[in-house]
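Taking it in order: structure first as structure tokens, then the write-up.
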Amino acid sequence: MIVLWQILISPFGTVRFRDFFFADILTSMSVVLGDIGLTIAYFNQSKFLERDPEIEKTNGVKVWLFLMAFAPYWWRFWQCINKWYKHSNRMQLINSLKYFSKMLPPIVYYAGASNKVGPNSFYLFMCMQIIQTTFCCYWDFRWDWGLFIGTKKNTKYLRDEMKFPPNFYYTC
């Protein structure tokens with residue numbers, strides 16, 4: 001509960017390793033958390049044996065799905081901004097853009113579902129998905145995993161500092 005509280009106040013509090021690690025786990029679990037809420041709604045309404053799309057259109061379920069698609073990235077975004085502001089780490093500012101890009105598709109999707117964006121909401125949603133997927137893949141490959149930055153000939157696609165032989169990493 002303390003860690004959850006620290007995640008909620010991350011724009012103003014101190015962001016420690018446990019806080020951003022747990023918030024990062026929440027970003028990985030956002031789809032699962034949305035599915036848990038959907039499953040509870042199906043069981044609550046005794047519709048668990050059929051696939052009734054009307055359940056997903058109820059206000060409570062829509063709010064839950066939006067929150068689970070948006071909130072984890074919102075928290076990580078503010079944690080990165082906090083770390084940039086307090087430690088002057090420019091990479092955290094760029095990392096915050098990764099989480100910002102993850103918030104755009106749910107906003108466009110739910111705005112389009114409520115007809116606030118117009119008939120082209122699908123194309124806008126797809127553009128947002130392509131942008132966020134490209135940016136997140138680049139960030140993960142380059143900065144989180146350290147791929148494609150090696151300077152040695154035999155580890156061209158890996159980072160220079162490794163704990164195992166290069167073939168282990170290529171196999172993985």
Side-chain angles (χ1 to χ4, degrees), residues 1-85 92-145 172:
M1 295 309 288
I2 292 170
V3 173
L4 284 174
W5 175 250
Q6 290 296 333
I7 290 170
L8 288 173
I9 65 165
S10 59
F12 312 107
T14 302
V15 179
R16 293 188 269 305
F17 174 78
R18 68 179 184 187
D19 305 327
F20 81 79
F21 184 73
F22 191 73
D24 213 32
I25 290 171
L26 289 176
T27 63
S28 299
M29 300 282 295
S30 67
V31 173
V32 174
L33 292 170
D35 288 346
I36 288 171
L38 198 54
T39 303
I40 290 170
Y42 273 102
F43 275 98
N44 248 357
Q45 298 181 20
S46 299
K47 305 256 183 174
F48 49 87
L49 294 178
E50 57 192 72
R51 175 81 172 145
D52 185 6
E54 294 302 313
I55 288 177
E56 295 179 33
K57 295 177 183 174
T58 59
N59 283 339
V61 174
K62 282 177 17 182
V63 168
W64 176 258
L65 292 174
F66 176 75
L67 283 176
M68 292 304 103
F70 183 82
Y73 304 109
W74 175 257
W75 296 325
R76 279 296 288 135
F77 170 78
W78 282 109
Q79 285 179 335
C80 292
I81 295 294
N82 180 314
K83 289 170 77 175
W84 163 71
Y85 181 76
Q92 288 297 328
L93 184 61
I94 299 170
N95 192 20
S96 71
L97 293 176
K98 176 173 102 172
Y99 296 105
F100 182 77
S101 74
K102 298 283 277 181
M103 291 186 282
L104 295 177
I107 291 171
V108 170
Y109 176 80
Y110 286 100
S114 64
N115 294 324
K116 292 182 181 171
V117 176
N120 295 325
S121 64
F122 173 76
Y123 300 110
L124 183 60
F125 173 76
M126 289 306 294
C127 286
M128 293 294 113
Q129 282 290 91
I130 290 168
I131 290 168
Q132 74 91 11
T133 299
T134 304
F135 185 69
C136 291
C137 282
Y138 166 75
W139 186 270
D140 288 344
F141 287 148
R142 177 72 166 84
W143 298 108
D144 289 346
W145 302 339
C172 290

Within this structure, what is the [atom1]-[atom2] distance for the pair [X] and [Y], rounded to the nearest 0.5 Å?
{"X": "Met68", "Y": "Asp35", "atom1": "CE", "atom2": "CG", "value": "12.0 Å"}
{"X": "Phe125", "Y": "Gln129", "atom1": "CZ", "atom2": "CD", "value": "4.0 Å"}
{"X": "Asn95", "Y": "Cys80", "atom1": "CG", "atom2": "SG", "value": "4.0 Å"}
{"X": "Phe70", "Y": "Leu65", "atom1": "CZ", "atom2": "CG", "value": "15.0 Å"}
{"X": "Leu104", "Y": "Tyr99", "atom1": "CG", "atom2": "OH", "value": "15.0 Å"}
{"X": "Thr133", "Y": "Lys102", "atom1": "OG1", "atom2": "NZ", "value": "6.5 Å"}

Minimal non-hydrogen separation, [X] against [Y], with atom names:
{"X": "Ser101", "Y": "Gln132", "value": "O-CB, 3.2 Å"}
{"X": "Ile81", "Y": "Ser96", "value": "CD1-OG, 3.6 Å"}
{"X": "Gln6", "Y": "Thr14", "value": "OE1-O, 3.4 Å"}
{"X": "Met103", "Y": "Tyr73", "value": "CG-CB, 3.7 Å"}
{"X": "Leu67", "Y": "Pro72", "value": "O-CD, 3.6 Å"}

Task: Ring geometry between Trp139 and Phe135 (parallel below 30°, tilted from 30 to 60°, perpendicular above 60°) - done: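 Tilted: the ring planes of Phe135 and Trp139 meet at 30° to 60°.
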- [ ] Return the orientation label for the Phe100 and Phe77 ring planes: parallel under 30°, perpendicular over 60°, tilted otherwise.
- [x]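 Tilted: the ring planes of Phe100 and Phe77 meet at 30° to 60°.
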Task: Any residue meeting ring pair (Phe, Tyr, Trp, His ring centres under 6.0 Å) with Trp145, in chain and number order, not counting sequence neighbours - done: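 So Trp145 forms a ring pair (Phe, Tyr, Trp, His ring centres under 6.0 Å) with Phe141.
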TODO: Just jot down the side-chain contact (heavy atoms from CB on, under 4.5 Å) partners of Tyr123, sequence neighbours excluded, or say none.
DONE: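 Only Asn120 meet the side-chain contact (heavy atoms from CB on, under 4.5 Å) criterion with Tyr123.
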TODO: Only counting residues at least two apart or in another chain, list the ones meeting side-chain contact (heavy atoms from CB on, under 4.5 Å) with Met126.
DONE: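 Once residues adjacent in sequence are excluded, the partners of Met126 under the side-chain contact (heavy atoms from CB on, under 4.5 Å) criterion are Phe122.
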Open item on the list: Checking the side chain of Trp64 only, and the main-chain atoms of Leu33 only, is there a donor and an acceptor separated by less than 3.5 Å?
Closed with: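 Between the backbone of Leu33 and the side chain of Trp64 there is a qualifying donor-acceptor contact (under 3.5 Å).
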Side chains of [X] and [Y]: closer than 4.5 Å at any heavy-atom pair?
{"X": "Phe21", "Y": "Val3", "result": "no"}
{"X": "Ile9", "Y": "Asp19", "result": "no"}
{"X": "Phe20", "Y": "Ser10", "result": "no"}
{"X": "Met29", "Y": "Ile36", "result": "no"}
{"X": "Phe22", "Y": "Leu4", "result": "yes"}
{"X": "Asp140", "Y": "Lys98", "result": "yes"}

Open item on the list: Tell me whether the count of non-hydrogen atoms from other residues, nucleotides or ligands lying under 6.0 Å of CD1 in Ile2 goes above 12.
Closed with: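 No, the 6.0 Å shell around CD1 holds no more than 12 heavy atoms from other groups.
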TODO: Before giving the answer on side-chain contact (heavy atoms from CB on, under 4.5 Å), spell out for Ile55 and Gln45 the whole-Å C-alpha distance, their side-chain angles and the decisive distance to 0.1 Å.
DONE: CA-CA 8 Å; Ile55 288 177; Gln45 298 181 20; 3.4 Å; yes
Task: Tyr138 vs Trp143, side-chain contact (heavy atoms from CB on, under 4.5 Å): CA-CA, chis, key distance, verdict - done: CA-CA 8 Å; Tyr138 166 75; Trp143 298 108; 3.6 Å; yes
